[in-house]
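Working notes, structure below.
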Number of protein chains: 2
Amino acid sequence: MKLLRYGTKMKDKSARGRPRQYDAKAALGAALLEFRRRGYTATSLDHLSEATKMARPSLYAAFGDKRAIYLRAVAQYVEDSVECRDSALFDEPSLAKALDRYFMTLVAIFSEGDDRPLGCPVLSVITGEAAADPVIGAELFTALGRTDARFRERIAAARDDTQLPPATDIDAVADMLAALQHSLAARARAGTARPELERIARSSIALILKAAGATALS
Amino acid sequence: MKLLRYGTKMKDKSARGRPRQYDAKAALGAALLEFRRRGYTATSLDHLSEATKMARPSLYAAFGDKRAIYLRAVAQYVEDSVECRDSALFDEPSLAKALDRYFMTLVAIFSEGDDRPLGCPVLSVITGEAAADPVIGAELFTALGRTDARFRERIAAARDDTQLPPATDIDAVADMLAALQHSLAARARAGTARPELERIARSSIALILKAAGATALS
DNA sequence: TGATTTTTAGACTAACTCGCATAAAAATGT
DNA sequence: ACATTTTTATGCGAGTTAGTCTAAAAATCA
């Protein structure tokens, strides 16, 4: 019912008044980069204000307080990267190739950073605060659940595809793939360079597929 | 040369003056608990002062600044837990049983906490700061390296034991075990309860051993 | 041009933080 | 008892931080 109005006058949302000088999407991207560089708590609103080139009151008006800024920045990151990652996982028929594409994409993201790898925008940033802040804790929990669900879907599809045995323990294999993802995030954050991360990813994928009894798909 | 004096007069170290009211070991334990609860940056010296029941100047005199307190607290944790963990890994001839004991011990540690699991004293606490603080980053890196080395030793021993094939890729198997450890830390920090962590650990160990081609040791 | 609306900029308060400086307290040695 | 030595307690000052309030700037509509 609330949506009815938007169909008719789409532009009214920003018709009058001084036009905003900032690009919300770019601002959230810059904010996330700052969070990844400094960590969640160590990032102040002044840092965010400088990184986004938005005045503090504008930040509040646009996104809310610091936690809301982080949550929206992550939501945008997920939205932007889910297409690429889902494509890697599900558009490739061969499970082995799909996993390789997926994890190479992941390593590329985790390896971003001028000085050293910045790691995962979720795992490497809010882990410290997850126990103290229930909202952050819930965000971390749901993020892990999202990844688990994706892996389970892909493994189930491979089993139906006869690439994996019918008796495959889907949860166990998915857990191992998730563990690889968590481990790559931790290692990247600790400073492990990209080639080493890729090596670890590839050998781990091979081991997991071997354990699952995968039959190569020509 | 500096050590010569200590042999003769051991008590001189705290002979005169007001005796200290605090127990350094207990204080570091309380400090680590506080770090695990709040996260590294969010923990202030006031929090540490209250938790350890030491005045701020006493904290400085005894351990140094906040980072030094954390590093010493972690060093003590490693020292205290390494005996138990090494015993689990190396005193048990069967690789499967050794890994089970090791990871059950680890899950017990990660599940500590009144309200929710506190996770790993290293991985779950300083991940956020590792990119900004080079000293913290180095600490994280060496901690990961320690774990890797332990797993490699144990896998090599099992291979020499004929529990694993001679051609076992030691690094690959060790990487997967480390990944399981990293993953359990992340999941615990996200709030996953202990039984679920134990289930994940057991099924993952089984899968890894299967991939490595382990032969059961009766 | 003038009124309206929205964003931006600067400043301000109250609370918190670190690190230290100063003084009191509690033990020992003579 | 008195001087010495070490630890503890209090509190201060410079710097940060979150969040808000007020006023100026920049656009549209009439």
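Keep in mind that the numbers below use all heavy atoms, side chains included, and drop hydrogens, waters and symmetry copies. Letters A, B, ... mirror the listed sequences (proteins, then strands); counts begin at 1.
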Side chain of B/P57: nearest nucleotide among D/dT17, C/dT17, D/dA9?
-> D/dA9
Between atom CZ in A/R20 and atom P in D/dT28, what is the gap in whole Å?
-> 15 Å
5' precedence on DNA chain D between B/A55 and A/K66 (nearest-nucleotide basis) = B/A55
Separation of A/H47 atom NE2 from D/dT17 atom C1', in whole Å?
-> 10 Å
Given atom CG of A/L45 and atom C1' of D/dA18, what is their separation to the nearest angstrom?
-> 6 Å
Shortest side-chain distance from B/D65, nucleotide among C/dT8, C/dG19, D/dT17 = C/dG19
From CZ of A/R56 across to P of C/dC12 the rounded distance in Å is 13 Å
Between D/dA18, C/dA21, C/dT8, spot the one nearest the side chain of A/Y22, thanks.
-> C/dT8
Using a heavy-atom cut-off of under 4.0 Å over every strand shown, decide if A/Y60 touches base, sugar-phosphate, or nothing.
-> base
Whole-Å distance between D/dT10 P and B/E50 CD?
-> 14 Å
From the candidates C/dT17, C/dT8, D/dT10, the one with an atom nearest any side-chain atom of A/Q21 is C/dT8
Are the aromatic rings of B/Y70 and B/Y77 close, with centres under 6.0 Å apart?
-> no
Atom-to-atom span, CZ of A/R38 to P of D/dT16 - whole angstrom = 12 Å
A/V82 versus A/E79, closest heavy-atom pair with distance | CG1-O, 3.5 Å
More than 12 heavy atoms of other groups within 6.0 Å of A/D91 CG = yes
Establish, with yes or no, whether the OP1 or OP2 oxygen of D/dT8 is under 4.0 angstrom from a side-chain nitrogen or oxygen of B/S58.
-> yes
Within 6.0 angstrom of A/F141 CZ, more than 12 heavy atoms from elsewhere = no
Between B/A62 and B/R72 the two heavy atoms that sit nearest each other are O-NH1, 3.4 Å
Give the rounded distance in Å between these two atoms: OH of B/Y40 and C1' of C/dT17.
-> 13 Å
To the nearest angstrom, the CG-P distance between A/D46 and C/dA11 comes to 14 Å
